[in-house]
Protein chains: 2
Amino acid sequence: MRRSKEEAAETIRQLIDIARSHFTEHGYAGAALESIVHEAKLTRGAVYHHFRNKKELFRSVLEAVQKEVADRVEREAAASEDVWQQLYLGCRAFVTAAVEERNKRIMLIDGPAILGWEAWRAMDENHSMRLLRGQLETMQRQGVIGPAPLDAMTHFLSGALNETTLWLAHESARTAALEEAMEAVGFFMEGFKRQAERATGKIEPAG
Amino acid sequence: MRRSKEEAAETIRQLIDIARSHFTEHGYAGAALESIVHEAKLTRGAVYHHFRNKKELFRSVLEAVQKEVADRVEREAAASEDVWQQLYLGCRAFVTAAVEERNKRIMLIDGPAILGWEAWRAMDENHSMRLLRGQLETMQRQGVIGPAPLDAMTHFLSGALNETTLWLAHESARTAALEEAMEAVGFFMEGFKRQAERATGKIEPAG
DNA sequence: CCATTTACATACACACTGTATGTATGTTAA
DNA sequence: TTAACATACATACAGTGTGTATGTAAATGG
């Protein structure tokens, strides 16, 4: 019953895909490998052949999720040439992509808990967060935002977007929620602008 | 070997306390009830008498953590009479309290994963988040921030503070990190101010 | 075409949760 | 004061799930 190389690659893809749906529906702990492989018409032996353990299977799933979301963010942000608009569009793309059922829980809830915050963050730095930080860096180089601490700002905004995503998922009944959330993003950006204006001496600081 | 009521209450406190340290050190999944009760010189029977299951024990631990953190936030925010300063102090108190080892993981990582985001949020609404939302509401009523969507802003800022906390924990070597993080909070507040000024017609919106 | 590797399946050991039941002591009401 | 009951645990066991060791047949490479 040994399969060829391409068939094995297909098996891996299938396992990741099915695991993703099970993790989405039952969470990491609630998703038994047995029921995952059953759907794939395999046994747990197949999983332990292709992945070191359950956690590594989850990591592969998360990797796929992150890549999907980041791709959407990058594509949609590129629709504008204005750096502010790019940031806005990117944030919007992120929350609308991440809010989807098949992304949300794996990416924002189980991800940090299963892999640990550091490993989760390390993965994120290769995807959405890299884009966000890159954008802020560009804006800073262009002088449209002042000499603020990039890392702190990136994490602040990233965390805000993550929680906003989960809130949006919860508020899915209210269509106005997305606009409200984006308004909050706007406030943050306004703060940037004002700080940039201060740095260039347009207005003086308030008390 | 039956204990009196006060002794039983002491048992519960002790279990929560020891469980908290085990959850902190090994995470929820990695903390075996057996090793928790062993430290308390009890058996798992004691746990299942006082708590429905492991998750309920965790919920009790989280409740204690939330209460501690929220109390500190409330106390430190009350040190000022200026609403902006109160918000700033509250945010600062939150991150410095939440960043502590015995709070961080339980509150920000395992909490949502074990109880689910909704239950976790529901608990949070009775603690730190209630304070945050209340403060924003006060500021809005006083007109120092404009007619912005309160819930969206609250979640945005709350999520930002949570991630900032985890980032700070990771950056614990750099003492400047806290100030950088608070600077990011400041940007957000600047956005509020500007938006409030716009609403009251002090300056006109930019493109 | 033979040796070796690969892709799984099978079987088993182990850890942990949860539940059912037992038991001794505290509590309370007649 | 004591019998009846409730409470605070301990003990024993069943179930579920992960991980590991081993088996096996087919694919791959020389």
Side-chain angles (χ1 to χ4, degrees), chain A residues 1-62 106 110-111 113-116 119, chain B residues 1-62 106 110-111 113-116 119:
Chain A
M1 318 227 168
R2 157 87 191 285
R3 308 296 161 77
S4 74
K5 259 182 178 165
E6 306 92 60
E7 284 173 314
E10 172 58 25
T11 296
I12 292 175
R13 265 197 305 275
Q14 196 192 0
L15 280 174
I16 291 177
D17 193 57
I18 295 176
R20 180 172 175 175
S21 74
H22 282 241
F23 288 148
T24 296
E25 202 163 342
H26 309 102
Y28 178 82
L33 290 180
E34 194 62 51
S35 64
I36 291 173
V37 296
H38 179 262
E39 189 173 332
K41 288 182 177 138
L42 294 166
T43 68
R44 285 179 26 256
V47 170
Y48 283 97
H49 175 69
H50 291 296
F51 305 91
R52 280 236 315 282
N53 48 34
K54 189 182 178 182
K55 195 191 284 190
E56 288 305 310
L57 172 61
F58 179 81
R59 184 193 305 276
S60 297
V61 170
L62 177 55
I106 291 169
D110 286 342
I114 303 309
L115 301 182
Chain B
M1 318 230 168
R2 158 87 192 286
R3 309 295 160 77
S4 73
K5 258 181 180 168
E6 305 93 60
E7 285 174 313
E10 172 58 25
T11 297
I12 291 175
R13 264 196 306 275
Q14 196 193 0
L15 280 174
I16 290 177
D17 193 57
I18 294 176
R20 180 171 175 175
S21 75
H22 283 240
F23 288 148
T24 296
E25 203 163 342
H26 309 101
Y28 178 82
L33 290 179
E34 194 62 52
S35 64
I36 291 173
V37 296
H38 179 261
E39 189 173 332
K41 287 179 178 140
L42 294 166
T43 67
R44 288 182 19 261
V47 170
Y48 283 96
H49 175 68
H50 291 295
F51 305 90
R52 278 236 314 283
N53 48 33
K54 189 182 179 184
K55 194 191 285 191
E56 288 305 310
L57 172 61
F58 178 81
R59 185 193 302 275
S60 298
V61 170
L62 177 56
I106 291 169
D110 285 342
I114 303 309
L115 301 182

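Naming: A, B, ... by sequence-line order, numbering from 1 per chain. Here the structure is a predicted model, which means the values were calculated and not measured.
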By ring pair (Phe, Tyr, Trp, His ring centres under 6.0 Å), B/Phe58 pairs with (sequence neighbours left out) B/Phe23, B/Tyr28
Within the distance-only criterion (no hydrogens, no angle test), does the side chain of B/Ser35 pair as donor or acceptor with the backbone N or O of B/Ala31 below 3.5 angstrom? no
A/His50 NE2 to C/dC8 C1', in whole Å, measures 7 Å
Between CZ of A/Phe51 and P of D/dT20 the distance, given in whole Å, is 16 Å
> Within the pair A/Thr11 and C/dA7, is there a side-chain N or O less than 4.0 Å away from OP1 or OP2?
Replying inline: no
Between NZ of A/Lys41 and P of C/dA9 the distance, given in whole Å, is 13 Å
One should read off an interatomic distance between A/His50 NE2 and A/Leu42 CG, to the nearest 0.5 angstrom, of 8.0 Å
A/Leu57 atom CG is separated from D/dG17 atom P, nearest whole Å, by 16 Å
Tested for side chain to side chain contact (heavy atoms under 4.5 Å, CB included) against B/Val61, the lone hit among B/Ile16, B/Thr24, B/Ile18 is B/Ile16
Which of A/Asp110, A/Ile114, A/Ile106 passes side chain to side chain contact (heavy atoms under 4.5 Å, CB included) with A/Leu62? It is A/Ile106
To the nearest angstrom, the NE2-P distance between A/His49 and D/dG23 comes to 18 Å
Taken to the nearest 0.5 Å, the spacing of A/His38 NE2 from A/Leu33 CG works out to 14.5 Å
Expected string for nucleotides 13-20 of chain C under the B/S/- scheme (protein heavy atoms, under 4.0 Å, primed atoms plus P, OP1, OP2 as sugar-phosphate) is ---SBBB-
